[in-house]
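Worksheet: one structure, shown below.
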Amino acid sequence: MPTVTAFKWVPPFAEGLVRDLRVRWALEETGLAYEDRLLGFEDTATPEYRAWQPFGQVPAYRDGTVEMFESGAIVLWIAQSSDQLMPADPADRAMVMTWMFAALNSVEPSVSELSGIDLFHADEAWTRERRPQVEARVRQRLSALQTALGDRPWLVEGRFSAADILMTHVLRALRHTDIVADYPALAAYVARAEARPAFQRALADQMKPFREHAPA
Ligand SMILES: N[C@@H](CCC(=O)N[C@@H](CS)C(=O)NCC(=O)O)C(=O)O
């Protein structure tokens with residue numbers, strides 16, 4: 001059975017955003033049972049964990065065949081073994097991989113920078129100059145993404161794929177702002193993805209330990 005690492009507890013701003021959600025969601029979509037290995041922050045510094053995840057982050061993943069880290073690579077691995085998340089047609093497969101990298105390489109960097117500013121540095125003077133530039137870059141990316149999505153329900157060939165897992169998860173990191181709402185097709189896209197039963201199960205499973213392990 002696959003194992004995915006996740007945190008026992010995170011502060012409320014990170015609930016539902018931790019990247020093990022991407023892997024849990026992919027596994028739920030493919031119907032593969034898995035177990036989570038819950039870590040405290042201190043557990044990520046051990047030599048044993050660093051040999052598995054060199055940066056001490058979550059998620060890390062292993063199954064009977066592979067041991068991996070990097071959520072995008074793990075989702076790709078899971079998707080490749082199932083036709084639910086990766087179409088059979090080579091041109092469509094190539095587009096799914098393209099959009100997976102686009103989510104992580106072209107959209108996530110500015111989204112992460114903006115949420116980093118807002119969540120960790122909001123009151124610092126330098127953010128007054130930097131934040132507008134970063135928000136403008138996020139809006140540029142979202143506008144282009146909305147145009148590319150057009151009136152399709154999903155990124156590739158009208159069917160849900162691994163690319164939609166990564167893109168939705170990246171866009172969720174803007175939930176502390178109203179930015180996505182300014183792009184109605186993207187807001188509807190995120191809502192459509194979040195309504196999937198597999199997403200709901202993955203989210204509930206990520207959240208479950210947080211209550212149990214909340215600091216007193
Ligand atoms: N590129 C990595 C990023 C993983 C990552 O940033 N994980 C966060 C949780 S979402 C983490 O473990 N943060 C703790 C840390 O960086 O020390 C991936 O996609 O797997």
Side-chain angles (χ1 to χ4, degrees), residues 2-30 34-63 66-80 85-86 96-121 134 138 141 155 161-177 190 193-194 199 202-211 213-215:
T3 301
V4 181
T5 64
F7 285 129
K8 280 181 192 158
W9 178 84
V10 294
F13 71 80
E15 289 181 354
L17 295 181
V18 193
R19 287 174 175 82
D20 58 285
L21 185 63
R22 300 170 176 181
V23 178
R24 291 176 186 271
W25 188 2
L27 289 163
E28 291 287 353
E29 291 283 353
T30 58
Y34 68 96
E35 59 190 8
D36 52 18
R37 177 163 149 201
L38 299 177
L39 306 175
F41 298 118
E42 66 289 353
D43 302 322
T44 62
T46 65
E48 181 252 333
Y49 191 65
R50 291 293 171 124
W52 186 6
Q53 213 299 358
F55 306 108
Q57 298 180 311
V58 305
Y61 170 93
R62 61 164 65 104
D63 59 27
V66 298
E67 189 166 288
M68 302 178 71
F69 59 96
E70 282 299 328
S71 60
I74 301 166
V75 170
L76 180 57
W77 168 254
I78 295 165
Q80 280 176 331
L85 293 176
M86 189 64 86
V96 170
M97 290 184 219
T98 299
W99 277 111
M100 291 177 77
F101 277 83
L104 302 181
N105 261 350
S106 298
V107 182
E108 185 165 39
S110 52
V111 168
S112 289
E113 191 178 350
L114 190 68
S115 59
I117 287 175
D118 291 347
L119 301 175
F120 300 117
H121 302 286
V134 178
V138 168
R141 290 292 192 250
L155 287 167
S161 74
D164 300 302
I165 290 182
L166 296 183
M167 193 63 85
T168 300
H169 191 266
V170 166
L171 295 176
R172 275 171 62 76
L174 291 168
R175 70 181 182 189
H176 67 287
T177 74
V190 171
E194 290 177 346
F199 172 82
L203 181 63
D205 285 343
Q206 176 179 92
M207 301 283 290
K208 211 179 317 168
F210 298 162
R211 303 287 164 262
H213 295 277

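Counting starts at 1 for both ligands and their atoms, in listed order.
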Which atom pairs, donor and acceptor, lie under 3.5 Å between side-chain atoms of residues 5-18 and protein residues at least two apart or in another chain?
{"residue": "Thr5", "atom": "OG1", "partner": "Tyr49", "partner atom": "OH", "Å": "2.8"}
{"residue": "Thr5", "atom": "OG1", "partner": "Ala60", "partner atom": "N", "Å": "2.7"}
{"residue": "Glu15", "atom": "OE1", "partner": "Arg211", "partner atom": "NH2", "Å": "3.4"}
{"residue": "Glu15", "atom": "OE2", "partner": "Arg211", "partner atom": "NH1", "Å": "3.1"}

Checklist line | Arg19 and Glu108 ion-paired at < 4.0 Å | finding: yes
Margin query: Applying side-chain contact (heavy atoms from CB on, under 4.5 Å), can you list everything that pairs with Pro209, at least two apart in sequence or on another chain?
Written below: Leu38, His213
Which pairs of donor and acceptor atoms, one on a side chain in residues 67-75, lie under 3.5 Å apart (sequence neighbours left out)?
{"residue": "Glu67", "atom": "OE1", "partner": "Arg62", "partner atom": "NE", "Å": "2.9"}
{"residue": "Glu67", "atom": "OE1", "partner": "Arg62", "partner atom": "NH2", "Å": "3.0"}
{"residue": "Ser71", "atom": "OG", "partner": "Arg22", "partner atom": "NH1", "Å": "2.9"}

Check: Do Tyr34 and Asp36 get their side chains close enough for a donor-acceptor pair, meaning under 3.5 Å?
Finding: no
Within the protein, flag every N or O under 3.5 Å from an N or O of ligand 1, and note the pair and distance.
{"residue": "ligand 1", "atom": "1 (N)", "partner": "Glu70", "partner atom": "OE1", "Å": "2.7"}
{"residue": "ligand 1", "atom": "1 (N)", "partner": "Glu70", "partner atom": "OE2", "Å": "3.3"}
{"residue": "ligand 1", "atom": "6 (O)", "partner": "Arg19", "partner atom": "NH1", "Å": "3.2"}
{"residue": "ligand 1", "atom": "6 (O)", "partner": "Gln57", "partner atom": "NE2", "Å": "3.3"}
{"residue": "ligand 1", "atom": "7 (N)", "partner": "Val58", "partner atom": "O", "Å": "2.9"}
{"residue": "ligand 1", "atom": "12 (O)", "partner": "Val58", "partner atom": "N", "Å": "3.0"}
{"residue": "ligand 1", "atom": "16 (O)", "partner": "Gln57", "partner atom": "NE2", "Å": "2.9"}
{"residue": "ligand 1", "atom": "19 (O)", "partner": "Ser71", "partner atom": "N", "Å": "3.4"}
{"residue": "ligand 1", "atom": "19 (O)", "partner": "Ser71", "partner atom": "OG", "Å": "2.6"}
{"residue": "ligand 1", "atom": "20 (O)", "partner": "Ser71", "partner atom": "N", "Å": "2.8"}

Item checked: Donor on one side chain, acceptor on other, Trp52 and Glu48, under 3.5 Å -> no
